[in-house]
Amino acid sequence: MEILAEDRFRINSYRKVARLIRDMPTDIEEMLSTGKLAKTPGIGKSSLAKIEEFVTKGTITAHQQLLKKIPSELLELLKIPGVGPKGVKALYENLQVKSMKDLKKVLSKNLVAELPGFGEKKAAAIAKGIEFLEKSTGRILLDEALEASELVGEFLEKLSGIKKIQPAGSVRRMAETIGDVDILVAAKDGKRIIQAFTGAEFVREVIASGPTKGSAIVQTEACPVHVDVRVVPKESFGAAAQYFTGSKQHNVRLREIALKAKLKLNEYGLFDKKDKIIAGSSEEEIYERLGLDYIDPLLREDRGEIEAAQNHKLPKLVQLKDIKGDLHMHTNASDGDNSIKEMAEAARQLGYKYICITDHSKSSAIANGLSAKRLANQIKQIHKLNEKIKGIRILAGSEVDILANGSIDFDNKLLADLDFVIVSIHSGMASSREKVTTRTLKAMDNPYINCIAHPTGRLLGQREPMDIDIAAVIKQAAETGTALEVNANPWRLDLKDIHCKMAVEAGVKLAIGTDAHNTEGLWLMEYGVATAGRGWATNADVLNTLTLSKIQKFVKNKRPK
DNA sequence: GCCGTTTTCGGCCCGACTGTTTTCAGTCG
């Protein structure tokens with residue numbers, strides 16, 4: 001519709017509906033049949049009819065008609081940085097470009113530069129954009145983004161005249177993947193700071209450089225990262241932090257609220273009718289002047305946090321310092337690098353009161369999974385170690401495979417000797433929705449199983465999640481007293497934020513585990529805590545904020561009396 | 001297309017940077 005230059009407000013409505021559906025924590029058909037979808041603000045009569053049509057027929061007539069006008073390959077071109085709908089329209093209408101291949105052809109014939117509104121530079125930028133697109137993997141993982149953010153942050157700190165530095169954008173919201181890294185700086189002489197940034201040693205390519213904003217590709221050890229640095233006066237720092245932290249949807253809502261109150265909100269502050277600034281130096285005062293409680297960056301996704309802030313109903317999110325132990329880790333007995341003792345001592349350094357050793361079970365042969373006999377020995381070893389080690393308690397556990405036929409890799413007699421049992425699927429992940437769901441539900445019926453590890457099995461950027469009925473898994477977890485893991489590894493973050501929110505709403509306990517394979521892996525906890533926080537989890541929702549005795553009680557409650 | 005304590009019609013968030021322009025459109029976030 002954008003390429004066809006249709007009404008932009010109409011387009012915006014569709015965008016909003018698409019986002020609402022994507023973020024919906026509940027099954028869309030269920031939302032439709034219960035009438036909740038019809039009541040969702042932003043979804044009106046027309047969209048509702050189209051969704052109904054899609055649910056019953058699998059297609060939408062209006063969408064089919066659009067596809068007749070715009071070949072779907074053409075939409076690929078929108079992914080090229082610097083090419084928008086107007087550019088695509090011009091290429092399509094004037095040069096009959098229908099695909100990436102066509103575009104490359106007309107570029108090589110120098111036809112693009114001659115189009116009205118284009119030019120040599122624009123054509124070169126498009127060629128470069130295609131090159132970038134072809135070699136980039138798109139979004140990067142959270143830990144990679146944080147590395148870039150720290151690298152640039154440390155460089156900026158050393159410059160003179162800098163009052164404050166604050167990572168913003170999706171990095172600050174700890175989103176599961178990051179498109180680019182935003183860093184905010186309070187200073188007077190923006191041009192000098194931007195020039196220092198774009199001239200820094202780690203910058204591989206400069207994309208833009210102005211008096212308030214610089215944009216560049218930064219080379220970190222792991223990968224190239226797109227970093228934007230923005231300079232604002234310190235009076236506007238709070239407004240800028242709020243603005244650049246986003247999310248975009250959250251900001252749109254805030255500006256609508258401002259508008260209704262006859263105010264104007266932008267990155268420089270909150271202004272009254274006479275353009276007089278009434279808030280801007282801190283985020284807190286901006287939220288306050290808009291009649292909202294302060295909203296944690298983790299929640300700023302327009303997923304109900306604004307309404308909660310208006311009604312003083314925001315949750316007090318779980319914090320890293322509240323975590324008392326780690327319930328998922330491996331040792332050199334299976335595929336880890338360190339001994340039980342080394343893991344325990346590293347965990348004690350982090351201030352933990354307990355850990356659970358969860359090496360793989362025998363069917364994970366690649367990971368050197370433990371046989372029943374080896375596990376029995378490990379349990380004895382842990383009991384001995386507990387007598388000697390001070391300041392931390394080591395729980396004997398296992399990450400037991402749920403086999404392809406749905407059975408559990410160890411029998412209950414052995415599981416009963418463990419303190420805490422997690423299970424997971426490592427094989428047959430591509431099988432049908434019914435199969436993977438049934439395997440998981442059945443495992444939860446077992447009274448010795450306390451937690452489902454990485455419930456969807458996804459690996460960000462590498463492997464799609466299993467086609468599992470997450471709503472059914474959550475329901476069963478609530479009914480059986482089984483916890484669901486929030487795997488803290490940045491590759492996994494599984495459960496993900498919106499699934500955490502569903503689980504929290506269903507009263508399911510989350511177990512945030514690092515799945516560490518060495519002592520350094522224990523440091524990944526912060527990513528899991530952030531993901532749980534993005535799912536609105538409080539301490540009460542997180543199993544490993546509890547004391548050891550309460551964890552033991554949680555296990556005991558499920559076992560036969 | 002969606003919405004309503006100014007409105008059922010007429011609005012809909014806002015600014016920086018770039019390139020192609022002589023005053024602005026397109027793209028991005």
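Not measured: the values here are computed from a predicted model. FYI, side chains are in, hydrogens and waters are out, and symmetry mates aren't considered; it's all heavy atoms of this structure. Within every chain, numbering begins at 1; the chains are lettered A, B, ... in the order of the sequence lines, protein sequences first and strands thereafter.
Nearest to the side-chain atoms of A/Tyr14 among the listed nucleotides B/dC14, B/dG1, B/dT27 stands B/dG1. Minimum atom distance to the side chain of A/Arg10 is reached by B/dG1, of the listed B/dT18, B/dT27, B/dG1. Closest contact between the side chain of A/Arg230 and the listed nucleotides B/dG1, B/dC17, B/dG29 involves B/dG29. In the set B/dG19, B/dG15, B/dC17, B/dG19 carries the atom at the smallest distance from any side-chain atom of A/Lys121. Comparing B/dC3, B/dT6, B/dG1 against the side chain of A/Lys262 picks out B/dT6 as the nearest. In the set B/dG29, B/dT27, B/dG1, B/dG1 carries the atom at the smallest distance from any side-chain atom of A/Asp7. Ranking B/dC13, B/dA16, B/dG29 by closeness to the A/Glu256 side chain, first place goes to B/dC13. Side chain of A/Arg255, nearest nucleotide from B/dG29, B/dC2, B/dC13: B/dC13. When distances run from any side-chain atom of A/Pro41 to the nucleotides B/dC13, B/dC3, B/dT20, the shortest one goes to B/dC3. Proximity note for A/Lys122 (side chain, C-beta onward) versus B/dC2, B/dT27, B/dC13: the nearest is B/dT27.
For the C1' atoms, the distance linking B/dA16 with B/dC12 amounts to 22 Å, nearest Å. Between the P atoms of B/dC28 and B/dT23, the separation comes to 26 Å (whole Å). Nucleotides B/dT5 and B/dG1 have their P atoms positioned 23 Å apart, rounded to a whole Å. Nucleotides B/dC13 and B/dC2 place their C1' atoms 16 Å apart, quoted to the nearest Å.
Using a 4.0 Å heavy-atom criterion, one finds that A/Pro211 contacts the sugar-phosphate atoms exclusively. Looking at heavy-atom distances under 4.0 Å, A/Glu120 makes contact with sugar-phosphate atoms alone, never a base. Using a 4.0 Å heavy-atom cutoff across all strands shown, A/Ile257 reaches no nucleic acid atom at all. If you check every strand for non-hydrogen atoms under 4.0 Å, A/Ser209 touches sugar and phosphate atoms only. Residue A/Ile11 is out of contact with every strand shown, counting any heavy-atom pair closer than 4.0 Å. Here A/Asn251 lies out of heavy-atom contact (under 4.0 Å) with every strand.
B/dT8 makes up no base pair with any nucleotide shown, lacking Watson-Crick or G-U wobble contacts both under 3.5 Å.
At B/dC12, none of the side-chain N or O atoms of A/Asn12 fall inside 4.0 Å of OP1 or OP2 (strictly under the cut-off). Applying the 4.0 Å criterion to OP1 and OP2 of B/dC12, one finds that A/Ser13 has every side-chain N and O outside that range. Of the side-chain N and O atoms in A/Ser47, none sit less than 4.0 angstrom from OP1 or OP2 of B/dG1.
Applying the salt bridge (Lys or Arg N to Asp or Glu O under 4.0 Å) test between A/Glu2 and each of A/Arg15, A/Lys89, A/Arg10, A/Lys86 identifies A/Arg15 as the sole match.
In summary, A/Glu307 and A/Arg253 engage in a salt bridge, as defined by a charged side-chain N under 4.0 Å from a carboxylate O. Remark: A/Glu205 engages A/Lys128 in a salt bridge, criterion side-chain N to carboxylate O under 4.0 Å.
Between the NZ atom of A/Lys260 and the P atom of B/dT5 there is a distance of 7 Å, given to the nearest Å. The distance from atom OH of A/Tyr243 to atom P of B/dC14 is 10 Å, rounded to the nearest whole Å. In this structure, A/Tyr268 atom OH and B/dG15 atom P are separated by 9 Å, rounded to whole Å. Rounded to whole Å, the distance from CD1 on A/Ile306 to P on B/dC13 is 13 Å.
A donor-acceptor distance shorter than 3.5 angstrom exists from the side chain of A/Ser236 to the backbone of A/Tyr268, with no hydrogens or angles considered. At distances below 3.5 Å, not a single donor-acceptor pair connects side-chain atoms of A/Asn487 with backbone N or O atoms of A/Asp494. The backbone N or O of A/Arg303 sits less than 3.5 Å from a side-chain atom of A/Lys501, completing a donor-acceptor pair. Checked by atom type and distance alone, the side chain of A/Gln319 pairs as donor or acceptor with a backbone atom of A/Leu317 at under 3.5 Å.
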